[in-house]
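Before any comments, here is the structure.
FYI, the numbering just counts along the sequence from 1. All values below come from the heavy atoms of this structure, side chains included, with hydrogens, waters and symmetry mates left out.
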Amino acid sequence: MNTQPLELIQSTSGQTLLAQMYGQQQLEDQTARYTKLNESFEQYFGVQEGSKLFSAAGRSEIGGNHTDHNHGKVLAGSITLDTIAVAASTTDSVITFYSEGYEQKYVIDLTDLAPKAEDDGTTALIRGMAAGVGKFGYKVGGFQAYISSNVFSASGLSSSASFEMLICTILNHFYNEGTLDVVVMSKIGQYAENNYWNKPSGLLDQMACAYGGLIAIDFENPAEPVIEPVQWDFQQNGYSLVIVNTGGNHADLTEDYAAVPYEMRAVAKALGSEYVREITAEAIYANLKQVREAAGDRAVLRALHFLEENNRVDGQVQALREGRFADFLNLITASGNSSWKWLQNVYQSGSVKEQEIGIALALTENYLQNLGDGACRIHGGGFAGVILTILPNEKVEEYMSWMHGMLDTPIIVVNVRAQGAVCLNALIENVG
């Protein structure tokens, strides 16, 4: 099936697919968005036979804050914010693309994939992704693309992982017959971030962007993470996921992020292990003086957060499967409190003037207390960026208006979507 992007978008099957991915209420806006995307592609590259549509979701981390890097458990979901592209394969060994909002033309020569000091972040990431695909034993080839994203950059919704999974999906579709699975794609994204971006990342972000739906992931064996879908529709059950962008930025926080896994592992090392997943709270209690001296007090608190957060993820999953939503919300609240007090990723160490996350959480906690319903917590890596609020559907507009009036920052409702990182052309055959 070789349907051109505009024809696909306008077809009955294409409209059905867009409604499935984004919700019926967004159909008109998403149709216009993809139409504009295709127009921009043709403006730069002309009409290309065989051009196709791609999408990679952003992600929401519901539970399991800073656990994946120490082989922990998470509850996460692909969301309706995404990075999309029109792309066409080429016969040369060059990736060429433009990104909406940027004038730069990105050109990556696939015959030279060694890291380069002069690369900006985007070029380095693309080079790293292409190198990673080859390193893991898969084929790499050229393509032309126009890319657009509505995933907040540097905000905790995994804009970088969404971008990585988009590129990986394009290479997977054009050159590997779709044989790369989610785990391999995630490891390629991790490889690119670790080696070309100097960013110490786990696999949570990439897997949640690529898999689709609400999923529980156990990273006890990172080589083979265990993924279990969790069937729960928040909005159909009366609640919405609201993302509040607090105005902070993740861009210069690499040291803060790196300190979290490093300190957790220091506690594990003091007890003769490598990762916190391998130790127990009881072992910390029995050797507390020794561990505090070896790793420091913040490290002990962060390790205890990990151990309790792992238990909370199990509890969250079980509560959803049994329809105990009030218990689920209590566990979300407990997770947020632990991140603030024990993990300490709500603000940068020593920062007293800029605490955007703390302000947003304090305002929201007061709102929810007066409402007597809902929950909130830091979202993603923390230190800056966004918070997650879960509250009744009928209170969403009131809450968003109230918060926007005080913070004057973007606030949006997101839904969990079933599609992770996909080629829309390939999905169309499965639309009923």
**OP:** Ignoring hydrogens and angles, tell me if any N or O in the side chain of N176 forms a donor-acceptor pair with the backbone of T179 under 3.5 Å.
**Re:** no
Original post:
More than 12 non-hydrogen atoms from neighbouring residues, nucleotides or ligands closer than 6.0 Å to CD on E28, yes or no?
Top reply: no
**OP:** For the residue pair Y98 and Y44, categorise the inter-ring angle as parallel (less than 30°), tilted (30 to 60°) or perpendicular (more than 60°).
**Re:** parallel
Original post:
Would a distance-only check, ignoring hydrogens and angles, find a side-chain to backbone donor-acceptor pair under 3.5 Å from S338 to A334?
Top reply: no
**OP:** Kindly compute the distance separating CD1 (I9) from CD1 (I428), expressed to the nearest 0.5 Å.
**Re:** 10.5 Å
Original post:
Which pair of non-hydrogen atoms, one from Q15 and one from Q10, has the smallest distance, and what is that distance?
Top reply: CG-O, 4.2 Å
**OP:** Tell me, with the steps shown, if V226 and I217 meet side chain to side chain contact (heavy atoms under 4.5 Å, CB included).
**Re:** CA-CA 6 Å; V226 177; I217 315 172; over 6 Å; no
Original post:
Which atom names give the shortest non-hydrogen contact between K139 and V133, and what distance separates them?
Top reply: O-CG1, 3.4 Å
Original post:
Is the shortest heavy-atom distance from the side chain of S60 to the side chain of V416 under 4.5 Å?
Top reply: no
Subject >> Flag for T96-Q144: side-chain donor and acceptor within less than 3.5 Å >> reply: no
Original post:
Under the side chain to side chain contact (heavy atoms under 4.5 Å, CB included) criterion, do R265 and Y275 qualify, and how do the steps go?
Top reply: CA-CA 5 Å; R265 290 171 191 166; Y275 298 99; 3.5 Å; yes
Original post:
Is there side-chain contact between Q104 and T123, with at least one heavy-atom pair below 4.5 Å?
Top reply: yes
Original post:
Is it true that a side-chain atom of R377 and a backbone atom of S335 form a donor plus acceptor pair closer than 3.5 Å?
Top reply: no
Original post:
Which atoms form the tightest heavy-atom contact between A303 and M264, and what is the distance?
Top reply: N-CG, 4.3 Å
**OP:** Report yes if the side chains of I84 and L53 come closer than 4.5 Å at any heavy-atom pair, otherwise no.
**Re:** no
**OP:** Take atom CZ of F325 as the centre, draw a 6.0 Å sphere, and report whether it contains more than 12 heavy atoms from other residues, nucleotides or ligands.
**Re:** yes
Original post:
Can you list the residues that meet the salt bridge (charged side-chain N to carboxylate O under 4.0 Å, His left out) rule with E397, with sequence neighbours excluded?
Top reply: none
Original post:
If only atom types and distance count, is the side chain of Y175 paired as donor or acceptor with the main-chain N or O of I170 below 3.5 Å?
Top reply: no
Original post:
Can you tell me if T389 and Y399 form a side-chain donor-acceptor pair at under 3.5 Å?
Top reply: yes
Original post:
Side chains of D120 and T122: donor-acceptor distance under 3.5 Å anywhere?
Top reply: no
Original post:
Got a donor-acceptor contact below 3.5 angstrom from the S11 side chain to the L8 backbone?
Top reply: yes
**OP:** Would you name the heavy atoms of T80 and V414 that are closest together and state the gap between them?
**Re:** OG1-CA, 4.0 Å
Subject >> Distance, nearest 0.5 Å, that separates CG of L214 from CD1 of I62 >> reply: 6.5 Å
Original post:
Any side-chain donor paired with an acceptor under 3.5 Å for N65 and E61?
Top reply: yes
Original post:
Checking side chain to side chain contact (heavy atoms under 4.5 Å, CB included) for the pair T364/L391: CA distance, chi angles, key distance, verdict?
Top reply: CA-CA 10 Å; T364 302; L391 74 167; over 6 Å; no
Subject >> Under 3.5 Å: donor-acceptor pair, side chain of D205, backbone of R59 >> reply: no
Original post:
Side-chain donor-acceptor pair under 3.5 Å between N172 and Y138, yes or no?
Top reply: no
**OP:** Determine whether S186 and Y211 make a side-chain contact, defined as any pair of heavy atoms from C-beta on separated by less than 4.5 Å.
**Re:** no
Original post:
Can you check side chain to side chain contact (heavy atoms under 4.5 Å, CB included) on D119 and I126, steps first, answer last?
Top reply: CA-CA 10 Å; D119 280 352; I126 291 283; over 6 Å; no
Original post:
Salt bridge check: are D82 and R417 linked by an N-O gap of less than 4.0 Å?
Top reply: yes
Original post:
Is the centre of the F234 ring less than 6.0 Å from the centre of the Y239 ring?
Top reply: no
Subject >> Mutual orientation of the aromatic rings belonging to F54 and F174 [parallel < 30°, tilted 30-60°, perpendicular > 60°] >> reply: perpendicular
Subject >> Heavy atoms of other groups near I359 CD1, more than 12 under 6.0 Å >> reply: no
Original post:
Closest heavy-atom contact between T409 and H404?
Top reply: O-ND1, 3.1 Å
**OP:** Hey, could you give me the NE2/CG distance between H71 and L203, rounded to the nearest 0.5 Å?
**Re:** 9.0 Å
Original post:
Where the side chain of N310 meets the backbone of G72, is there a donor-acceptor pair that is under 3.5 Å apart?
Top reply: no
Original post:
Between R312 and E309, is there a side-chain N and carboxylate O pair less than 4.0 Å apart?
Top reply: yes
Original post:
Are the side chains of F306 and R277 in touch, meaning some heavy atoms are under 4.5 Å apart?
Top reply: yes
Original post:
Taking C-beta and beyond as the side chain, do S51 and F41 meet within less than 4.5 Å on heavy atoms?
Top reply: yes
Original post:
Do the side-chain N and O atoms of E164 and Q206 include a donor-acceptor pair separated by under 3.5 angstrom?
Top reply: yes
Subject >> Euclidean distance, H379 NE2 relative to N245 CG, rounded to 0.5 Å >> reply: 11.5 Å
Original post:
Between S240 (side chain) and V242 (backbone), is there a donor-acceptor pair under 3.5 Å?
Top reply: no
Subject >> Greater than 12 external heavy atoms within 6.0 Å of E118's CD >> reply: yes
Original post:
Is P115 close to N195 at the side-chain level, that is, under 4.5 Å between some pair of heavy atoms?
Top reply: no
Original post:
Going by distance alone, is a donor N or O of one side chain under 3.5 Å from an acceptor N or O of the other, for E100 and S148?
Top reply: yes
Original post:
Under the 3.5 angstrom rule, does the side chain of W197 hit a backbone N or O of A124 as a donor-acceptor pair?
Top reply: no
Subject >> Contact summary for L75 and V317, nearest pair of heavy atoms >> reply: CD1-CG2, 4.1 Å
**OP:** Return yes when atom CD of Q25 has more than 12 non-hydrogen atoms of other residues, nucleotides or ligands closer than 6.0 Å, and no otherwise.
**Re:** yes
Original post:
Do the side-chain N and O atoms of R33 and Q30 include a donor-acceptor pair separated by under 3.5 angstrom?
Top reply: yes
**OP:** Examine Y146 together with F45 and report whether their ring centres are nearer than 6.0 Å.
**Re:** no
**OP:** Determine yes or no for a side-chain-to-main-chain donor-acceptor pair under 3.5 angstrom, with N425 supplying the side chain and K52 the backbone.
**Re:** no
Subject >> Point-to-point distance, once rounded to the nearest 0.5 Å, from CG of N70 to CD of E274 >> reply: 9.0 Å
Subject >> Gap between atom CG of L81 and atom CG of N415 - 0.5 Å precision >> reply: 9.5 Å
**OP:** Answer whether the closest heavy-atom distance between the side chains of Y34 and N38 falls below 4.5 Å.
**Re:** no
